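Contents: one structure, followed by commentary.
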Amino acid sequence: MTTTDTTAVRASPSAVLIGVLALLTAVPPLATDMYLPGFPAMATELDTSASSIQLTLTTFLIGLALGQLVIGPLSDKLGRRVPLIVGAVVCLAAGAAAALAPSIEFLIGARFVQGFAGAAGVVLSRAIIADRTKGSQSAKLFGLMMIIGGVAPVIAPLIGGAVVDSIGWRGVFWIITALTAVMLVCAISFVPESLAREDRRDGGLSDMIEGIGTVVRNPRYVAYTLTFTFAFSVMFAYISASPFVLQNMLGLSAGQYSAAFAVNALGLMIGSAVTAKLADRISLHRMMSAGIGAIVVTTTLLLILGIVGISLWPTLILLFLTLLSLGFVYANATSLAVAQVPHLAGTGSAVLGALQFGLAAIISPLVGLGGEDTAIPMVTAMFVGALVAAAACIRASRVTASQRKDMDPASL
């Protein structure tokens with residue numbers, strides 16, 4: 001690798017590259033959110049239960065989690081570009097298989113493969129940012145990617161609701177497949193290699209496992225990762241249960257549900273935009289902590305509302321405020337976590353993503369256990385996730401303070 005090549009690899013990301021990376025991270029949310037309005041129709045056509053339909057979401061998330069654990073460490077050895085392109089090709093094929101699924105069992109299998117391969121875009125986009133940036137610049141770019149990628153959950157349920165009403169839920173999967181094809185073309189055309197050869201790890205499977213062990217033994221990395229993961233579980237409890245809570249319990253149509261979902265996703269985008277704007281002036285940890293505190297308050301109120309009797313407008317307002325607050329957590333927690341293991345950015349991103357979607361895969365069926373006529377499982381899962389995220393955030397503060405004290409000669 002020449003000096004020129006190394007410099008090019010580590011150059012700051014261009015606007016085009018950031019947009020492409022945002023697209024790579026947007027496809028999995030599209031594959032998650034776009035078909036939510038079709039859940040009732042899918043259950044009818046495939047002659048199965050609501051819990052079985054939710055299992056298609058669970059297996060997709062398990063695939064996302066496992067895929068990141070494999071692809072992330074592998075990219076620390078092979079580089080980012082080749083695993084990204086291979087993952088996009090496989091994801092494309094799996095999307096077409098899902099659209100043609102003749103049974104619920106076939107659909108569940110196709111969704112697993114789609115998630116596993118689609119994990120490449122999620123884990124490697126974070127790793128590419130970490131390869132090229134540090135500190136507040138990383139937080140800004142993660143925030144910017146969330147704003148751009150946030151268009152996905154805004155438009156996904158709107159498109160999904162329209163498609164389900166017109167050409168059915170299978171049309172949703174064909175749209176996702178087409179978007180995956182766009183992702184593949186963009187990855188080939190606009191994403192250069194970002195990991196210099198001299199920075200890649202040698203060795204085989206044992207070395208990859210050792211890399212995972214290294215990052216999980218870093219206490220600050222673990223604390224920030226758990227903060228991110230359980231904050232994400234708050235949103236995913238809402239994502240998984242909201243089609244039934246807002247439509248079956250509160251009486252929204254598929255179109256009205258899609259509009260409400262889009263407004264709440266807009267709250268996440270607003271929070272991310274404010275985070276990116278303030279990254280140079282307010283510490284990332286402080287912004288993250290403020291977001292976590294607000295989430296604890298809103299989810300507590302949601303839990304009380306679920307117990308005394310859920311109603312439409314208070315629920316919608318509290319859900320919006322929760323998503324708005326999450327915008328202060330995601331980019332900052334991601335940046336702070338990956339920054340703790342800069343020499344293993346792919347592996348660090350992989351473990352974070354695997355925990356994120358692994359926990360989401362557990363949350364999805366849990367919030368459906370109470371049936372379609374209660375909001376208690378959803379609001380309880382959101383509340384518990386908020387409390388654990390808050391505990392992890394406090395732990396991150398204490399570990400950071402302890403390490404600073406150890407490094408201060410005056411304290412010796």
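Note that the structure is a prediction, hence the values are computed from the model and not measured. Starting from 1, each residue takes its place in the sequence as its number.
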Ile129 and Ile18: CA distance, side-chain angles, deciding distance, side-chain contact (heavy atoms from CB on, under 4.5 Å) verdict: CA-CA 9 Å; Ile129 293 294; Ile18 293 300; 3.5 Å; yes
State the [atom1]-[atom2] distance between [X] and [Y], to the nearest 0.5 angstrom.
X      : Y      : atom1 : atom2 : result
Met235 : Ser325 : CE    : OG    : 13.0 Å
Ser240 : Leu57  : OG    : CG    : 5.0 Å
Ile209 : Thr347 : CD1   : OG1   : 11.5 Å
Leu250 : Leu252 : CG    : CG    : 6.5 Å
Ser233 : Leu359 : OG    : CG    : 5.0 Å
Leu124 : Gln68  : CG    : CD    : 9.0 Å

Taking all non-hydrogen atoms of both residues into account, name the closest pair between [X] and [Y] and its distance.
X      : Y      : value
Val20  : Cys186 : CG1-CB, 3.9 Å
Leu336 : Gln340 : O-NE2, 2.7 Å
Val245 : Thr374 : CG2-O, 4.2 Å
Val222 : Val216 : CG2-O, 3.2 Å
Ala389 : Ala231 : CB-N, 3.8 Å
Ala354 : Leu69  : CB-CG, 3.4 Å

Lys/Arg-Asp/Glu bridge criterion (N-O < 4.0 Å) met for Arg200, Asp76: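 A salt bridge is absent here (no side-chain N lies under 4.0 Å from a carboxylate O).
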Is the shortest heavy-atom distance from the side chain of [X] to the side chain of [Y] under 4.5 Å?
X      : Y      : value
His343 : Thr214 : yes
Arg126 : Leu21  : no
Phe173 : Leu100 : no
Leu84  : Leu24  : yes
Leu46  : Trp169 : yes
Leu266 : Leu323 : no
Phe112 : Leu66  : yes
Gln114 : Ile176 : yes

Option among Leu326, Thr322, Leu324, Val329 that satisfies the side-chain contact (heavy atoms from CB on, under 4.5 Å) test with Leu268: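 Going through Leu326, Thr322, Leu324, Val329 one by one, the side-chain contact (heavy atoms from CB on, under 4.5 Å) with Leu268 is satisfied by Leu326 alone.
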Any pair counted as salt bridge (Lys or Arg N to Asp or Glu O under 4.0 Å), so long as it reaches residues 83-97, sequence neighbours left out: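 Every pair satisfying salt bridge (Lys or Arg N to Asp or Glu O under 4.0 Å) with a residue in residues 83-97: there are none.
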Summary of side chain to side chain donor-acceptor pair (under 3.5 Å) pairs that have at least one residue in residues 93-102, sequence neighbours excluded: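 Qualifying pairs, neighbours excluded: none.
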Expected output: side-chain [X] to main-chain [Y] donor-acceptor under 3.5 Å:
X      : Y      : answer
Thr44  : Pro40  : yes
Thr25  : Val122 : no
Thr133 : Ala130 : no
Ser52  : Thr48  : no
Arg111 : Thr58  : no
Ser335 : Ala331 : no
Ser349 : Gly346 : no
Asn332 : Phe328 : yes

Arg81, CZ: over 12 other non-hydrogen atoms inside 6.0 angstrom: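 Yes, the 6.0 Å shell around CZ holds more than 12 heavy atoms from other groups.
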Check against side-chain contact (heavy atoms from CB on, under 4.5 Å), Glu193 and Leu195: CA-CA 6 Å; Glu193 182 56 64; Leu195 187 64; 3.6 Å; yes
Plane angle bin for Phe232 and Tyr330 - parallel if under 30°, tilted between 30 and 60°, otherwise perpendicular: tilted
By ring pair (Phe, Tyr, Trp, His ring centres under 6.0 Å) - contacts of Phe116 (at least two apart): none
Those residues that, when tested against Ser125, pass side chain to side chain donor-acceptor pair (under 3.5 Å) (two or more places apart):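 For Ser125, no residue satisfies side chain to side chain donor-acceptor pair (under 3.5 Å) once neighbours in sequence are set aside.
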Polar side chain donor-acceptor pair, [X] to [Y], under 3.5 angstrom:
X      : Y      : result
Thr56  : Tyr35  : yes
Ser194 : Arg132 : no
Ser272 : Thr275 : no

Worked check of side-chain contact (heavy atoms from CB on, under 4.5 Å) between Ile62 and Phe357: CA-CA 7 Å; Ile62 292 173; Phe357 291 108; over 6 Å; no
Ile175: partners by side chain to side chain contact (heavy atoms under 4.5 Å, CB included), with sequence neighbours left out: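 Here the qualifying residues are Met34, Ile159, Val163, Leu179.
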For Ser242, all residues meeting side chain to side chain contact (heavy atoms under 4.5 Å, CB included), sequence neighbours excluded: Tyr238, Leu246, Tyr257, Phe261
Step-by-step side-chain contact (heavy atoms from CB on, under 4.5 Å) determination, Met382 to Val367: CA-CA 10 Å; Met382 294 175 71; Val367 296; over 6 Å; no
